[in-house]
Visitor: 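First the structure, then my questions, so here it is.
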4 protein chains.
Amino acid sequence: MNDHSVSARKRDKRRQILEAAVGVFAKQGFHKSRVSDVARAAEVADGTIYLYFKSKDDILISIFEETMADMIERVQLAIESHSDPLDQLREFALFHMRNVEEHRDVAKVLQVELRLSSTFMKEYKPTRLQQYMDIIGRLISEGKEAGVIRADVNPIIARRAFFGALDEIAMQWILTPNARYGLNESAEQIAELFVRGLQS
Amino acid sequence: MNDHSVSARKRDKRRQILEAAVGVFAKQGFHKSRVSDVARAAEVADGTIYLYFKSKDDILISIFEETMADMIERVQLAIESHSDPLDQLREFALFHMRNVEEHRDVAKVLQVELRLSSTFMKEYKPTRLQQYMDIIGRLISEGKEAGVIRADVNPIIARRAFFGALDEIAMQWILTPNARYGLNESAEQIAELFVRGLQS
Amino acid sequence: MNDHSVSARKRDKRRQILEAAVGVFAKQGFHKSRVSDVARAAEVADGTIYLYFKSKDDILISIFEETMADMIERVQLAIESHSDPLDQLREFALFHMRNVEEHRDVAKVLQVELRLSSTFMKEYKPTRLQQYMDIIGRLISEGKEAGVIRADVNPIIARRAFFGALDEIAMQWILTPNARYGLNESAEQIAELFVRGLQS
Amino acid sequence: MNDHSVSARKRDKRRQILEAAVGVFAKQGFHKSRVSDVARAAEVADGTIYLYFKSKDDILISIFEETMADMIERVQLAIESHSDPLDQLREFALFHMRNVEEHRDVAKVLQVELRLSSTFMKEYKPTRLQQYMDIIGRLISEGKEAGVIRADVNPIIARRAFFGALDEIAMQWILTPNARYGLNESAEQIAELFVRGLQS
DNA sequence: AATGAATGAGGTTTCATTCAT
DNA sequence: GATGAATGAAACCTCATTCAT
């Protein structure tokens, strides 16, 4: 057995636990999920979890970190196909909502459960979230430089407002079993609102 | 002892507990606050709390309910001074942020602690929050009827986007001890964004 | 208002509480009954109970004491109509069971609830119960002197065995909603057993 | 480590807790004993108790269940040495009392503490006690068939009367530190009483 | 005598984490 | 690396009782 296969197996087991955790947390909620529930779902022993994660919270944070890293990468690819910053913003909104729709379990854990965890938002600094929002901020700044966005727009405030709008709608959609509006329509509406609101 | 003084004393004690709870929850967080911490701060015995509230969660929910009821009333008064729905929306944003700024402790409990409580958002239906958001929705609908807001705006999506934007900024301001931007500037920026975004 | 009426009213309120307590304890069980439940049933304030009884346990003990005092008096009247100690024993059994049947609530409290109270049987010395059982013991001793009961019967053991037999059957009847045998038949059977068992 | 030693150790720890519990409950009473008292006596952590028992009540019920199962087995062996049902009844009485005398702590827990526990006698159906009493009933029925016991004896009533008599005496002996009569004499007296009372 | 608001002690159970095997 | 038995900290709430009015 060579090094590669060992570390590959290791990564596999880590992934195995992470995927089991997403399912368990989405179904029962983070708080109500016991570590042993995750262990059972991942088909490992309780103690094994602690070979890969520092704590129960660390599992949640890892889900967040890794999902966000992936999203940051993919959203950048998605917006590359446009050149106008405003079109890119629209693309961002569509991407975000499509992502929530396609990975409901992951989205539920990130949107709902993550916030119910007392460590998050307080002790943990969500750098990844910052990075994700920074993409929005960069687009706004580029728009300002290109003259398509009003000069008096504060990119720091605007990017957070944009993200807040997307986030609130996504949260609602996740919590409501049968939402009245699809996320696609919501994304379009929000994009339209902000594009009009931002442009010179 | 007449009826007035008795029920007044009773109301007083309830308020005494509620105010102590806001302080304790804002400082230590809801989860880390013990009922006896609230009792000590309110200068009553632990058991007394349960004469006025069903449970620890009930204290949190009562803070929410009563603060929201008050805000709903006051925001309606605040927007009455304007007649244009778009001006009223701007006033709403300013009112909301002014409120967060002036009652930081209460805002912190509502914005942060309430969401960390596992009962809330899941078992408890936040009717008051709905009512508060409904005011935004009503302004948008009125704006559409008056022709100052685009006909293709979906008020249900837009009101939630507007609230989400305000909420995200407020959350950030509360969690960041020394925020770069005052809430007043943020309110203006968001109002401007949405007014431009919504208008025909 | 003269002394008589005052103390009469006092006795009335005491009785009022005692009767309410029997009902409440029989229905909910002593342990699950709160003092305020008894107060509400007796239509007095919680504190009033403590003007008449030292503690919650004291209510239970008072029910016991007063019921037993009454039963001791009445059972003596009942057995007076017979002269043969063995007939008197039979009468005792019949009286005991008739009493359980006719005052099911009181019996339930005495038989079941009293024993579930941790003070009773341990700290409290049930003198009245002793007195009640002494009547059986006396009948047995008289029977021995009269020669109708075997000389080798130990009255102290026999009286407790007799009471234990009655008590166990009564307990079962009280706990079983629809008992297979009426208490009258049980009394006859036990009497027959002991009369035959005791006689020379 | 082989399977045997693992499950043996497991059984050992369970027994360790059970034996500690008997001692603690007998000394302090079930109600006054805290789970941590039992844990300390058994030299395990508080939480370990809950790996073997569902609740504090479950410990008590387990003591009862397992002791009764053992007694049922042993009393049947004990009465096998006789063939006459009346001799067997006598043997039963002697066995029962000998058992109480030899396992005073266990008997105290079963006789006294079990009844003071509010769950028992009310929610829990004591099947084992029924089985134990059934042995008496069976002996009586066999006696009737063999013609040594009166035809008009109701076995259901008689068996409970017999058990009640034994139980009441045992209870008294356990509660009275220096009882006047040994349990052996009491067993003989009760056996004599019932044998004479039952026989044709 | 009557009230009832206020008191405050007290204990079971869960479950994240550890560590000997 | 993997296991899973063992650990032990931690806090909500009830309700008998008191006492100022």
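Naming convention: chains lettered A, B, ... in sequence-line order (proteins, then strands); numbering from 1 in each chain. Keep in mind that this is a model prediction, so the values were computed, not measured. Excluded from the calculations below are hydrogen atoms, water molecules and symmetry mates; all remaining heavy atoms, backbone and side chain alike, are included.
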Visitor: Measure from CZ on B:Arg40 to C1' on E:dT7 and round the result to the nearest Å.
Guide: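 Interatomic distance, CZ of B:Arg40 to C1' of E:dT7: 16 Å.
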Visitor: How long is the line joining CG of C:Asp12 and P of E:dA1, in whole Å?
Guide: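 After rounding, the gap between these two atoms is 15 Å.
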Visitor: What is the distance from CD1 of C:Ile49 to P of E:dA5, rounded to the nearest Å?
Guide: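 Answer to the nearest Å: 16 Å.
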Visitor: I'd like to know if D:Arg15 and D:Asp12 make a salt bridge, using a cut-off of under 4.0 Å between side-chain N and carboxylate O.
Guide: no
Visitor: Between E:dT14, F:dA2, F:dT18, which one does the side chain of D:Tyr50 approach most closely?
Guide: E:dT14
Visitor: Is it true that C:Asp105 and C:Lys108 make a salt bridge, defined as a side-chain N closer than 4.0 Å to a carboxylate O?
Guide: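 No, this pair does not count.
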Visitor: When rounded to the nearest 0.5 angstrom, what distance separates CD in A:Glu66 from CG in A:Asp70?
Guide: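 If I round to the nearest 0.5 Å, the distance is 9.5 Å.
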Visitor: With rounding to the nearest 0.5 Å, note down the distance linking CD1 in A:Ile61 to NZ in A:Lys54.
Guide: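 One finds 7.5 Å between CD1 of A:Ile61 and NZ of A:Lys54.
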Visitor: F:dA6 phosphate, OP1 or OP2: any side-chain N/O from D:Lys13 under 4.0 angstrom?
Guide: yes
Visitor: Quick one: is C:Tyr52 getting a side-chain N or O under 4.0 Å of the E:dA2 phosphate, OP1 or OP2?
Guide: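 So the side chain of C:Tyr52 is within the cut-off, an N or O lying under 4.0 Å from OP1 or OP2 of E:dA2.
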Visitor: Side chain of C:Asp46 only, please: which of F:dG4, F:dT17, E:dA16 is the nearest?
Guide: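 Between F:dG4, F:dT17, E:dA16, the one nearest the side chain of C:Asp46 would be F:dT17.
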Visitor: By the 4.0 Å heavy-atom rule, please label A:Ser55 as base, sugar-phosphate, or nothing.
Guide: sugar-phosphate
Visitor: Let's test this: given Watson-Crick or G-U wobble pairing with both distances under 3.5 Å, identify the partner of F:dT21.
Guide: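 E:dA2 - that is the nucleotide pairing with F:dT21, both distances being under 3.5 Å.
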Visitor: Under a 3.5 Å cut-off for both distances, is F:dA10 Watson-Crick or wobble paired, and to whom?
Guide: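 Partner of F:dA10: E:dT13.
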Visitor: Can you tell me how far C1' of E:dG10 sits from NE2 of D:His31, to the nearest Å?
Guide: 10 Å
Visitor: I want to check one thing: is the phosphate of E:dC15, taken as OP1 and OP2, less than 4.0 Å away from some side-chain N or O of A:Lys32?
Guide: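 For E:dC15, OP1/OP2 do not have a side-chain N/O of A:Lys32 under 4.0 Å.
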Visitor: Distance check needed: E:dT12 C1' versus D:Leu60 CG, whole Å only.
Guide: 15 Å
Visitor: Show your reasoning for whether side chain to side chain contact (heavy atoms under 4.5 Å, CB included) applies to B:Phe30 and B:Ile59.
Guide: CA-CA 10 Å; B:Phe30 177 75; B:Ile59 303 174; 5.7 Å; no
Visitor: From CD1 of D:Ile17 over to C1' of F:dA6, roughly how many Å is that when rounded to an integer?
Guide: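 Computing the D:Ile17:CD1 to F:dA6:C1' distance gives 11 Å.
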Visitor: By nearest nucleotide on DNA chain E, pick out whichever of B:Glu43 and A:Ser33 is the more 5' one.
Guide: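 It is B:Glu43 whose nearest nucleotide is closer to the 5' end.
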Visitor: What's the CG-P distance between A:Leu51 and F:dG4, to the nearest Å?
Guide: 13 Å
Visitor: Taking for each residue the nucleotide of DNA chain F with the nearest heavy atom, is it B:Arg34 or B:Thr48 whose nucleotide lies nearer the 5' end?
Guide: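 Upstream on the strand: B:Arg34.
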Visitor: Can you check the A:Ile59 CD1 to E:dT17 P distance for me, whole Å?
Guide: 9 Å
Visitor: Where the side chain of A:Lys56 is defined as all heavy atoms beyond and including C-beta, which of F:dG1, E:dT3, E:dT17 is the nearest nucleotide?
Guide: E:dT17
Visitor: Have a look at D:Val35 and say if it touches a base, only the backbone sugar-phosphate, or nothing, with a 4.0 Å heavy-atom cut-off.
Guide: base
